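Below, all heavy atoms of this structure are taken into account, side chains as well, without hydrogens, waters or symmetry copies. Here the structure is a predicted model, which means the values were calculated and not measured.
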Amino acid sequence: MTGRAIRRLVSLTDRIEDLVGEYDRRTSMYDDDDDPQYTEEEERTYQSFQQLLRWVPTVRGLISSQTDGHQLNIAYQKLNQGADSARGDDAASMKLAVASWLNESSPPPNPPIHSRDKTGRGFYNDVTAKLLCPVDFNWADTVAKEGIRNYEPNFQVTAHSWPSFLYKDGEYDRDDPTKGLFKGSFLVRTFKHIFTSPSSAADARPDEELPLEPLPKRSRTQGECRTRSDVATLLGMRSVQPRAIAYSAVQLRFALSSCGSWRNVDDDFEHDQFYVYIVDYFENPPTPTAKASVDALLVWWNRKVFGPHSVSTYSPQVAAHYSVANTSAKHH
């Protein structure tokens, strides 16, 4: 598992030496400047470094060790290789999964989506194109369709516009742009395919809301025996992480595209910028209201992925607000 958490939970493209380098730079700056100023990119890199320590704790030991620079570089390269290998494995798996999901939809795509050859995907196929189409345009509009396919300036496909697949049922409301955002059914299926299991994604119906009536109680172990651990368990991820959602969105976008092999830029669309926008949405909400909305969205995601019976894991109670703490305080 060396390094395999990095692309999935830390950073889409950053190299380990660059993340550690930002930490080293800050450490040295504190000696020279009591109030150092950082750029937005530097802050983002440092946030990724903090996530690196969380999900790849062996890095902390490497940093604090007396290992010479050559040996450190070898260790970092192994982590980078593990990170990129995991991203490649997920991309290969998603290429097959997306073809299966779309071909099983009703009505099925015509022509069908080839499971291994991606040249017929992207904006060359109406089914994949509708999912990839920026919400600022309407794929059903002939002018928009031709404009996108002909790379016209007024119909550029960039990371500055959310793809339709991010929205529930692909519906975007200009007056309420966050409504349904990050609730797209294929996005949830992608997350489950990567982090819980391909079978859980196949069985999921993420476009449906959870039932209002409580689910019947069941044993904590009933139906939970597994022959092998899923990726989330192996990584120690017990609740849905924003960077895992961003990573899933990138993997889905790449699987729907006609790109045959991984690259950061697909025509005018930058996967890294797309990833950053999603991470910022979740991790840096601009107002308390936006923060509350993000918190509610993460609860929704956790219920979709891990189920309502695990609510204490991803939304623990604040013990001080409840009766035991209250009576204890009164007693004293």
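Residues in residues 80-95 take part in these salt bridge (Lys or Arg N to Asp or Glu O under 4.0 Å) pairs, two or more places apart or across chains: Arg4-Asp89, Arg7-Asp84, Arg8-Asp90, Arg15-Asp84, Asp84-Arg87. Residues in residues 44-78 take part in these ring-ring contact (aromatic ring centres under 6.0 Å, His included) pairs, two or more places apart or across chains: Tyr23-Phe49, Tyr46-Phe49.
Going from atom NZ of Lys118 over to atom CD1 of Ile113 covers 11.0 Å, rounded to the nearest 0.5 Å. Summarising the geometry, atom CZ belonging to Arg189 is positioned 14.0 Å from atom OG belonging to Ser248; distances are rounded to the nearest 0.5 Å. In this structure, the separation between CG on Leu102 and OG on Ser115 is 12.0 Å, given to the nearest 0.5 Å. Rounding to the nearest 0.5 Å places CG of Leu187 at 11.5 Å from CG of Leu131. With values rounded to the nearest 0.5 angstrom, Asn103 atom CG is found 7.0 Å from Ser105 atom OG. Note that CD of Gln81 is 11.0 Å distant from CD1 of Ile6, once rounded to the nearest 0.5 Å.
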Walk me through whether Lys183 and Asp169 qualify under side chain to side chain contact (heavy atoms under 4.5 Å, CB included). CA-CA 8 Å; Lys183 291 187 176 183; Asp169 299 324; over 6 Å; no
Pair Glu146, Thr142 - check side chain to side chain donor-acceptor pair (under 3.5 Å), show working. CA-CA 6 Å; Glu146 292 303 313; Thr142 303; over 6 Å; no
Should Gln47 and Asn284 be marked as a side chain to side chain contact (heavy atoms under 4.5 Å, CB included) after you check the CA-CA gap, both sets of side-chain angles, and the distance that decides it? CA-CA 11 Å; Gln47 288 175 4; Asn284 303 302; 3.9 Å; yes
I'd like to know whether Val188 forms a side chain to side chain contact (heavy atoms under 4.5 Å, CB included) with Trp300, so could you lay out the CA-CA distance, the side-chain angles of the two residues, the decisive distance to 0.1 Å, and finally the verdict. CA-CA 11 Å; Val188 179; Trp300 181 92; 3.9 Å; yes
Test Leu181 against Tyr281 for side chain to side chain contact (heavy atoms under 4.5 Å, CB included), laying out the working first. CA-CA 11 Å; Leu181 181 58; Tyr281 181 90; 4.0 Å; yes
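Between the Ser64 side chain and the Arg60 main chain, a donor and an acceptor come within less than 3.5 Å of each other. In this structure, Asn80 contributes its side chain and Ile16 its backbone to a donor-acceptor pair below 3.5 Å. A distance-only check finds no donor-acceptor pair linking the side chain of Ser164 to the backbone of Leu132 [under 3.5 Å]. Between the side chain of Asn150 and the main chain of Glu152, no donor-acceptor pair closer than 3.5 Å is present. For the pair Ser85 (side chain) and Gly82 (backbone), a donor-acceptor distance under 3.5 Å is absent. A donor-acceptor pair under 3.5 Å is absent between the side-chain atoms of Asn302 and the main chain of Ser239, judged by distance alone. Ser100 contributes no side-chain N or O that, together with a main-chain N or O of Leu96, makes up a donor-acceptor pair within less than 3.5 Å. The main-chain N or O of Asp272 is found under 3.5 Å from a side-chain atom of Asn264 such that the two form a donor-acceptor pair.
Put simply, the side chain of Asp68 reaches to within 4.5 Å of the side chain of Gln71, judged on heavy atoms. Looking only at side-chain heavy atoms (C-beta outward), Val135 and Pro163 stay at 4.5 Å or farther from each other. Residues Gln251 and Ile194 form a side-chain contact, since some pair of their non-hydrogen atoms from C-beta on lies under 4.5 Å apart. Looking only at side-chain heavy atoms (C-beta outward), Leu166 and Phe274 come within less than 4.5 Å of each other. By the 4.5 Å heavy-atom criterion applied to side chains, Thr158 and Glu270 are not counted as neighbours. Looking at heavy atoms from C-beta onward, Glu17 lies in side-chain contact with Gln77 at the 4.5 angstrom threshold. Side-chain contact check for Pro177 versus Tyr172: some heavy-atom pair is nearer than 4.5 Å. Here the side chains of Thr128 and Phe123 are not in contact, with every heavy-atom distance at 4.5 Å or above.
Within a 6.0 Å sphere centred on CZ of Arg263, other residues, nucleotides and ligands contribute more than 12 heavy atoms.
In this view, Glu43 and Arg26 satisfy the salt bridge (Lys or Arg N to Asp or Glu O under 4.0 Å) rule, not counting sequence neighbours. Residues satisfying the salt bridge (Lys or Arg N to Asp or Glu O under 4.0 Å) criterion with Glu42, sequence neighbours excluded, are Arg25. Taking Asp14 as the reference, Ser11, Leu19, Ser48 meet the side-chain contact (heavy atoms from CB on, under 4.5 Å) condition, with sequence neighbours excluded. A search for side-chain contact (heavy atoms from CB on, under 4.5 Å) contacts involving Lys130 returns Trp139, not counting sequence neighbours. Under the side-chain contact (heavy atoms from CB on, under 4.5 Å) criterion, Thr287 pairs with Thr289, Ala290, not counting sequence neighbours. Remark: Asp126 pairs with Lys145, Arg149 by the salt bridge (Lys or Arg N to Asp or Glu O under 4.0 Å) rule, at least two apart or across chains. Taking the side-chain contact (heavy atoms from CB on, under 4.5 Å) definition, one finds that Asp175 meets it with Asp173, sequence neighbours left out. A search for salt bridge (Lys or Arg N to Asp or Glu O under 4.0 Å) contacts involving Glu283 returns Arg243, not counting sequence neighbours.
Between Ile148 and Cys133 the shortest heavy-atom distance is CD1-SG, 4.0 Å. Across every non-hydrogen atom of Leu9 and Ala244, the tightest pair is CD2-CB, 3.9 Å. Closest of all the heavy-atom pairs between Ala144 and Asn138 is CB-O, 3.4 Å. Minimum heavy-atom separation, Ala249 to Phe165: O-CZ, 3.7 Å. Smallest separation of non-hydrogen atoms from Asp268 and Gln156: OD2-OE1, 4.4 Å.
Between the side chains of Asp230 and Ser197, no donor-acceptor pair of N or O atoms lies under 3.5 Å. Of the N and O atoms on the side chains of Thr45 and Glu41, not one donor lies less than 3.5 Å from an acceptor on the other residue.
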Under 3.5 Å, side-chain donor or acceptor atoms of residues 252-259 against the rest of the protein: list the pairs with distances, not counting sequence neighbours.
| from | atom 1 | to | atom 2 | distance (Å) |
| --- | --- | --- | --- | --- |
| Arg253 | NH1 | Asp266 | OD2 | 2.6 |
| Ser257 | OG | Phe254 | O | 2.7 |
| Ser257 | OG | Cys259 | N | 3.3 |

Donor-acceptor pairs under 3.5 Å, side chain of residues 291-298 to any protein atom, not counting sequence neighbours: which ones?
| from | atom 1 | to | atom 2 | distance (Å) |
| --- | --- | --- | --- | --- |
| Lys291 | NZ | Asp295 | OD1 | 3.2 |
| Lys291 | NZ | Asp295 | OD2 | 2.9 |

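Cluster annotation: Val143 and Phe137 are assigned to the same hydrophobic cluster (Ile/Leu/Val/Met/Phe/Trp/Tyr, side-chain heavy-atom contacts under 4.5 Å, transitive).
Taking the centre of each ring, Phe191 and Trp301 come in below the 6.0 Å mark.
Evaluated for a ring pair (Phe, Tyr, Trp, His ring centres under 6.0 Å) with Phe182, the options Tyr167, Tyr277, Phe282 yield exactly one hit, Phe282.
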